[in-house]
Structures are given as structure tokens and as C-alpha cells.
Amino acid sequence: MKPRLFSGIQPSGNLHLGNYFGMLKNAAKLQNKYQSIFCIVDLHAITIKQDPETLRKNTLQTAKHFLASGIDPEKSILFIQSSVSEHAELCWILNTLTKTAEMERMTQFKDKARKNKQNINLGLMSYPVLMAADILLYDTAIVPVGQDQSQHLELARILAKRFNKQYRKKVFTIPKPLIKKRIQGSRLMGLDDPTKKMSKSAPSPNNYIALNDPPKLAAQKIMRATTDSGDQIKTGQKKPGITNLLSIYSLLTHTDGATLEKKFQNKGYGQFKKELSQVVSQFLANYQKKFQKIDDNSAAQILAQGAKKAKEIASQKIIQVKKIVGLA
Ligand code: TYM
């Protein structure tokens, strides 16, 4: 048996280059080495107010992004979180082992609470516990994610150990995060503010290159991206804008940073951005060709089959957990 891999994405129509390099691309590569399970986490998504019709549409779109990125349903399981009710069940049980103070400390909770003052709901706080449930239900060994998820992964490890200790049984596997280095794309920064991560919920669409952006629009976003003082194309702490653009260039062309710095040695920001915008447009055109080939019906079918397979595994785990806790 291959060790198991689990990862998830919130259903948003605006998946971006950060999601692609932070997770999707690595996941597609890892499918051969691990028994892989990918989840579209719609229960997580409703912690922020959603329009029901848009959520439904975005859930299917997200499935198509997984497939366009190379997730192969013959090798991996792809499903929607809410269609396997064991996720919510285990989340409740794990909630009872989680301290509220632990949750209040979570960076993303604090950040989201600041941005959604009108709707600081309990789901938003318990969000990382649901994520732990996602992972622990499947005896997951490894979780490929971007850097922003490392605190959540740590909680999943803590809860797994806490449960095992409290019930004196090795029920849950302790999952390991797989977070690549920054230059390998684990934290792409916003184009309009390179001091913060690229984010699909950013106030301006100029923050990110969406995987579905028309290539022309994406090129404009690159040309408008915030740069730093000076005119050198070089990475460095004082050059967060150029560093971020260089890493996007490097990821898209498989060229290392030093080679790129040399290539653009005596060229200005304008020339560099122009070449990068061509590289980005080309990538998007190719990606979107793959995306468009996937029709809604076959994506829906893959999700239904995936849910069946996921449920088979998750229901076994929940039966075991309920017995141990005294619920069955
Ligand atoms: P989400 O939907 O915000 O993001 C999906 C994946 O993309 C990564 N990512 C980034 N990587 C690099 N640079 C960025 N700017 C960037 N922005 C996002 C994220 O790290 C993530 O890997 N809570 C999770 C979803 C989730 C999950 C899980 C993940 C729910 N349950 C269980 C793993 C295992 C989230 O909101 O991801």
C-alpha cells in the first residue's frame, strides 16, 4: 500500500497562480508516489457568506481546475467535502478536544475576523478543526499545501496526538505537511502588494493572476504590478515586488533565479515585465485549452465516483472513532 496524501481547496472561481504553484502542480506530480485524495472544501467556504448558486458553480469549476492541473481520476480520488458527511461528524468530535484559546490564536482566524467583522461566526473559528478532520479521516501521511496552511497543519498534528493520548489508542496517523521552499512557489505574493500573499479574496483583482484570466488581462496585470525602487532585476529583501515577479518567471520557465538575473542584467523593469507578461499569457493560453476540454457532466461524474470511494474510507474511520469515544 502506498502512503496516503490528502489536500483541499476552497471552491472559488478565482483560483490563481499561487494555488497552482503552492499546491495543484505539486499534487499532480505526487499522484504516482502516494494514494492521493483531493477535496473541494465547500463546508469551509460557507464560513464566509456565499451566494448558493455561485457556490455550486464554483465547486464544479474547482473540480475542473484539479483536472486541468493534471489530477487523474484513475489514480486519485477527487470529491466534494459536503458529500461525505463524516467530515462534519469528526469535526464535531474534534471540537470537543480543542481549546477555544487555541483557535483564537490562529493567524488566519484573526485575519478573517478582522476582514469580516459583521460575520465572525463559530464556523470561522472552528475552520482549522474541520481541516484536521478532513486530514485525519483518511490516515493521511502527507499534506501538500502552501506556506499559509502550516499553522493549520500543526493543529491537525496536535489534535491527532491529543486524541490518541486521551483514548490510549493509535487511532489517527500523525500527518506531515509538505511545504516547498518559497522559491518553489509555496508563497506567491500579491501583484499589487508584494508584502502580502496572493489571495483570491483580495479586494482588487489586480492582486492575482487567476487561472481563468484572459491572457491579455493577465499581461496587463503584470505590466501594472508594483515594483520596487531602483532599476535592477534582482531578488532581495528590499525588493519584494521584483523578487515575486522573478519567482513567477522562474516557476513558469523552469529557469533558476541566478540565470534570470543574468539574462535581465542591463535591462529595465519595463523590458522584464514585458517578457514576463508574454510568459504568463502563454502559460494561461495552454492551461485554459486543457480546462475548456473538460465538460461539466464528466467533472460531475468524477466527483460522484470520488465521493463514493472517499466515503468507503471515511465511514470505516468514523465507526472506529465512535466506538472508542463511546458513541457506538
Ligand atoms: P485555499 O483554498 O486557500 O488554497 C488552496 C491551496 O493553495 C495554497 N495557496 C498558496 N500557495 C502559494 N502562494 C499563495 N499565495 C497561495 N495562496 C493559497 C494554499 O496553501 C493551499 O494549499 N484551508 C485550506 C483548504 C483545506 C485543506 C484541507 C488543505 C481544507 N481542508 C485539508 C489541506 C488539507 C485553504 O483554505 O486553502
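Whatever order the structure lists ligands and atoms in, that order sets their numbers, starting from 1. Residues take their numbers from the sequence shown, with the count starting at 1.
- For Met23, every heavy-atom contact with ligand 1 shorter than 4.0 Å involves the side chain, none the backbone.
- The proximity of Met189 to ligand 1, defined as any non-hydrogen pair under 4.0 Å, does not occur for either the backbone or the side chain.
- Atom 13 (N) of ligand 1 has its closest protein heavy atom at Leu188 N, 2.9 Å.
- Contacts with ligand 1 closer than 4.0 Å are made by heavy atoms of both the backbone and the side chain of Asn19.
- Here the side chains of Tyr34 and Arg4 are not in contact, with every heavy-atom distance at 4.5 Å or above.
- Short contacts between ligand 1 and His44, defined as distances under 4.0 Å to a heavy atom of the residue, involve ligand atoms 30 (C), 31 (N).
- Residue contacts with ligand 1 leave out Gln81, since none of its heavy atoms falls under 4.0 Å from the ligand.
- For His87 and Phe79, the gap between ring centers is short of 6.0 Å.
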> Checking side-chain contact (heavy atoms from CB on, under 4.5 Å) for the pair Asp111/Arg114: CA distance, chi angles, key distance, verdict?
Replying inline: CA-CA 5 Å; Asp111 194 41; Arg114 208 179 316 119; 3.3 Å; yes

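- In this structure, CD1 in Ile174 is found 12.0 Å from CD1 in Ile135, a value given to the nearest 0.5 Å.
- Looking at Gly146 next to ligand 1, an N or O pair under 3.5 Å apart turns up.
- At least one heavy atom of Tyr127 sits closer than 4.0 Å to an atom of ligand 1.
- Checked by distance only, ligand 1 and Gly8 stay at 3.5 Å or farther apart across all their nitrogen or oxygen atoms.
- Polar contact check, Phe6 against ligand 1: no nitrogen or oxygen pair lies under 3.5 Å apart.
- The protein non-hydrogen atom at the shortest distance from atom 3 (O) of ligand 1 is Lys200 NZ, 4.0 Å.
- Within the 3.5 Å criterion, the main-chain N or O of Leu130 finds no donor-acceptor partner in the side chain of His44.
- Between Ser7 and ligand 1, not a single N/O pair is under 3.5 Å apart.
- For Asp213 and Lys221, the salt-bridge test passes: some basic side-chain N is under 4.0 Å from an acidic carboxylate O.
- Of all protein heavy atoms, the one lying nearest to atom 11 (N) of ligand 1 is Gly18 O, 3.0 Å.
- Of the inter-residue distances, the one linking Ile77 atom CD1 with Tyr138 atom OH reads 7.5 Å to the nearest 0.5 angstrom.
- In this structure, the side chains of Phe6 and Asp134 come closer than 4.5 Å at one or more pairs of heavy atoms.
- Taking only nitrogen or oxygen atoms, main chain and side chain alike, Asp134 reaches within less than 3.5 Å of ligand 1.
- Of all the heavy atoms of Ile135, the ones lying under 4.0 Å from any atom of ligand 1 belong exclusively to the side chain.
- Within the 6.0 Å centre-distance limit, the rings of Tyr20 and Phe283 are counted as a close aromatic pair.
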> Can you check side-chain contact (heavy atoms from CB on, under 4.5 Å) on Ser7 and Val145, steps first, answer last?
Replying inline: CA-CA 7 Å; Ser7 201; Val145 279; 4.0 Å; yes

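- When non-hydrogen atoms are compared, ligand 1 lies under 4.0 Å from the side chain of Val41 (C-beta onward) but not from its backbone.
- Counting heavy atoms closer than 4.0 Å to ligand 1, residue Ser199 contributes nothing at all.
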